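First comes the structure, then the notes that go with it.
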Amino acid sequence: MQTREERLLIIDDDEVFCHVLSRALTRRGYEVIVAHDAEQALTMAAQYSPSMATLDLKLENSSGLKLLPELLATSPHCRIVVLTGYSSIATAVEAIKLGAVNYLCKPVDADDVLIAFERQSGDPDIELADNPPSINRITWEHIQKVLQEHDGNISATARALGMHRRTLQRKLQKRPVRR
């Protein structure tokens, strides 16, 4: 097996996911470094200058969207793919605007991640959905958009949405609604 020149940084607070993805990418010849929080990610990026990184959108104590520009400032040539189990149109758009090269919804495997890094342009032939998103999905995405507008502040988001803070917290703890 030949070793690639590329160093890949995995940033995710899920240690099992990191271990599995790290092993799979190492087997494919990548030099893999793992960070479980924003501070560790910035330290690793400065120390190792990765050419690629996967970034979890929802880290335990921070947002991947807030970390994204800091990572690019530390390692400007790094291509970043955002991964999330809490996908929404608003966060996908913001991730791309902030400099991510792609955005994937979990669960993903190593092949999905590598394909995301390889795709450098949009696909005009992508299949369009037959049905519009459900009202529950639209609600979920609207909540995510307003939360993003308020920099993740739950209280401010709840006020903007006209709902009780605890109700919003319960809604945010649930997995995103399927389309």
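Just the heavy atoms: all of them, side chains too, but no hydrogens, waters or symmetry mates, feed the values below. The model shown is predicted, which means the values in this text are computed figures rather than measured ones.
- Note that CZ of R165 is 10.5 Å distant from CZ of R170, once rounded to the nearest 0.5 Å.
- In this view, E70 satisfies the salt bridge (Lys or Arg N to Asp or Glu O under 4.0 Å) rule with no residue, not counting sequence neighbours.
- Remark: D13 CG to D37 CG distance equals 9.0 Å, nearest 0.5 Å.
- E31 places none of its side-chain heavy atoms less than 4.5 Å from the side chain of L8.
- For L98, the side chain to side chain contact (heavy atoms under 4.5 Å, CB included) criterion is met by L65, L68, P69, not counting sequence neighbours.
- Note on L55: it does not cluster hydrophobically with V113, by side-chain heavy-atom contacts below 4.5 Å among ILVMFWY residues.
- The two residues V32 and S22 come nearest to each other via the heavy atoms CG1-OG, 3.4 Å.
- Inter-residue side-chain proximity for C78 and S51 is flagged as unmet; no heavy-atom pair is nearer than 4.5 Å.
- Here CG of D111 is found 9.0 Å from CG of L25. Values are rounded to the nearest 0.5 Å.
- Using a 4.5 Å heavy-atom cutoff, the side chains of L42 and L67 are in contact.
- Using modelled atom types, one side-chain atom of K66 and one backbone atom of D151 make a donor-acceptor pair closer than 3.5 Å.
- Residues I154 and L147 meet the side-chain proximity criterion, which asks for heavy atoms closer than 4.5 Å.
- Annotation for E60: atom CD does not count as buried by contact number, only 12 or fewer foreign heavy atoms lying within 6.0 Å.
- A100 and I96 get closest at one heavy-atom pair: O-CD1, 3.5 Å.
- A 4.5 Å side-chain heavy-atom check between I11 and L9 finds at least one atom pair inside the cut-off.
- T54 contributes atom OG1, which lies 5.0 Å from atom CG of L83 (distance to the nearest 0.5 angstrom).
- The structure places CD of Q169 at 8.0 Å from CZ of R166, a figure rounded to the nearest 0.5 Å.
- Under the salt bridge (Lys or Arg N to Asp or Glu O under 4.0 Å) criterion, K58 pairs with no residue at all, not counting sequence neighbours.
- Between the side chains of T84 and S87, no donor N or O sits under 3.5 Å from an acceptor N or O.
- Scanning both residues, Y86 and Y103, for their nearest heavy atoms gives O-OH, 4.2 Å.
- With M44 as reference, I33 is the one residue of V34, I33, L71 to meet the side-chain contact (heavy atoms from CB on, under 4.5 Å) rule.
- Between the side chain of T139 and the backbone N or O of I135 there is at least one donor-acceptor pair closer than 3.5 Å.
- Residues L72 and V101 do not share a hydrophobic cluster, clusters being chains of Ile/Leu/Val/Met/Phe/Trp/Tyr side chains in contact below 4.5 Å.
- With hydrophobic clusters built from ILVMFWY side chains whose heavy atoms lie under 4.5 angstrom apart, L104 shares a cluster with M52.
- Under the 4.5 Å side-chain criterion, counting only non-hydrogen atoms from C-beta, M163 is in contact with K171.
- Counting heavy atoms from C-beta on, the side chains of K145 and T91 never come closer than 4.5 Å.
- H150 and A160 get closest at one heavy-atom pair: CE1-CB, 3.5 Å.
- Ion pairing between D56 and K106 holds under the 4.0 Å rule for side-chain N and carboxylate O.
- Using a cut-off of 4.0 Å between Lys/Arg side-chain N and Asp/Glu carboxylate O, E6 and R79 are scored as salt-bridged.
- The cluster map of Ile, Leu, Val, Met, Phe, Trp and Tyr, joined by side-chain heavy atoms under 4.5 Å apart, puts I10 and F117 in the same cluster.
- To the nearest 0.5 Å, atoms CG (D112) and CG (L21) are separated by 10.0 Å.
- Residues V108 and L114 share a hydrophobic cluster, clusters being chains of Ile/Leu/Val/Met/Phe/Trp/Tyr side chains in contact below 4.5 Å.
- In this structure the side chain of Q40 never reaches within 4.5 angstrom of the side chain of T43, judged on heavy atoms.
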